[in-house]
Novice: 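Sharing a structure here in structure tokens format.
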Amino acid sequence: MPKILILNGPNLNLLGTREPKIYGHETLSDIEKKCGQRGKEIGTSIDFRQSNSEGEIVDWIQNAAGTTDGIIINPAAYTHTSIAILDALKQVGCPIIELHLSNIFSREPFRHHSYVSSIANGVICGFGAHGYLLALDAISRLVSEKEEC
Ligand code: CA2
């Protein structure tokens with residue numbers, strides 16, 4: 001069964017408690033449950049994590065090499081700042097989807113640049129919590145295409 005790692009960056013543990021107009025009403029735990037359900041439906045195992053620490057996210061990405069079939073990452077604010085996360089993702093060797101709840105391109109200019117987009121297979125943004133399910137469907141397809149190679 002393919003293993004999918006879903007990584008969430010800083011402050012996403014606050015989802016559902018503040019800024020619902022931008023990020024919606026669902027908590028990260030609600031989203032984790034939905035991802036688990038969709039994972040069962042599409043036959044993938046889901047490892048869902050959140051950290052406020054850049055270094056911990058880098059460690060998780062490094063440890064994914066050779067053990068994980070696909071990564072979905074919402075790097076949150078590190079999207080716009082982290083060369084360390086970019087470098088870790090570059091060496092991991094499995095399909096990667098970058099994900100954002102909000103449409104970063106309709107927000108402040110400093111959110112328009114992402115370090116991660118250049119190495120992601122695809123980017124999903126602006127669909128709120130539903131984006132996680134879209135990303136799961138997309139990565140599952142990428143993983144099965146890779147197996148066929
Ligand atoms: O839209 C997204 O998913 C973001 O990755 C969220 C980040 C933001 O820095 C990115 O530009 C876009 C922020 C996550 C903070 O989440 C909060 C949730 C509730 C209350 C406060 C922050």
Novice: Y23 vs N11, test: side chain to side chain donor-acceptor pair (under 3.5 Å). Steps then yes/no.
Specialist: CA-CA 11 Å; Y23 299 119; N11 297 308; over 6 Å; no
Novice: Would you check if N8 and I57 make a side-chain contact, meaning some heavy-atom pair closer than 4.5 Å?
Specialist: no
Novice: Kindly compute the distance separating CG (L99) from CG (L7), expressed to the nearest 0.5 Å.
Specialist: 11.0 Å
Novice: Compute the ring centroids of Y115 and H113, then answer whether they are less than 6.0 Å apart.
Specialist: yes
Novice: If you count heavy atoms of other groups shown closer than 6.0 angstrom to CZ of R107, is the number above 12?
Specialist: yes
Novice: Pick from I22, I124, L12: which one makes a side-chain contact (heavy atoms from CB on, under 4.5 Å) with L101?
Specialist: L12
Novice: Using the side chain to side chain donor-acceptor pair (under 3.5 Å) rule, take N52 and Q50 through it: C-alpha gap first, then chi angles, then the decisive distance, then the call.
Specialist: CA-CA 7 Å; N52 292 329; Q50 187 274 333; 2.9 Å; yes
Novice: Check the pair K34, E26 against salt bridge (Lys or Arg N to Asp or Glu O under 4.0 Å), reporting the backbone distance first and the verdict last.
Specialist: CA-CA 11 Å; K34 285 189 175 173; E26 288 181 81; 2.8 Å; yes
Novice: With rounding to the nearest 0.5 Å, note down the distance linking CG in N103 to NE2 in H112.
Specialist: 8.0 Å
Novice: Given the rule in the side chain to side chain donor-acceptor pair (under 3.5 Å) test, do E98 and S114 qualify, once you have shown the distances and angles that lead to the verdict?
Specialist: CA-CA 9 Å; E98 177 184 349; S114 162; 2.9 Å; yes
Novice: Regarding R38 and D137, does a basic nitrogen lie under 4.0 Å from an acidic carboxylate oxygen?
Specialist: yes
Novice: Would you call the rings of F48 and Y132 parallel, tilted or perpendicular if under 30° counts as parallel and over 60° as perpendicular?
Specialist: tilted
Novice: Going from SG on C94 to CD1 on I71, what distance comes out if it is rounded to the nearest 0.5 angstrom?
Specialist: 4.0 Å
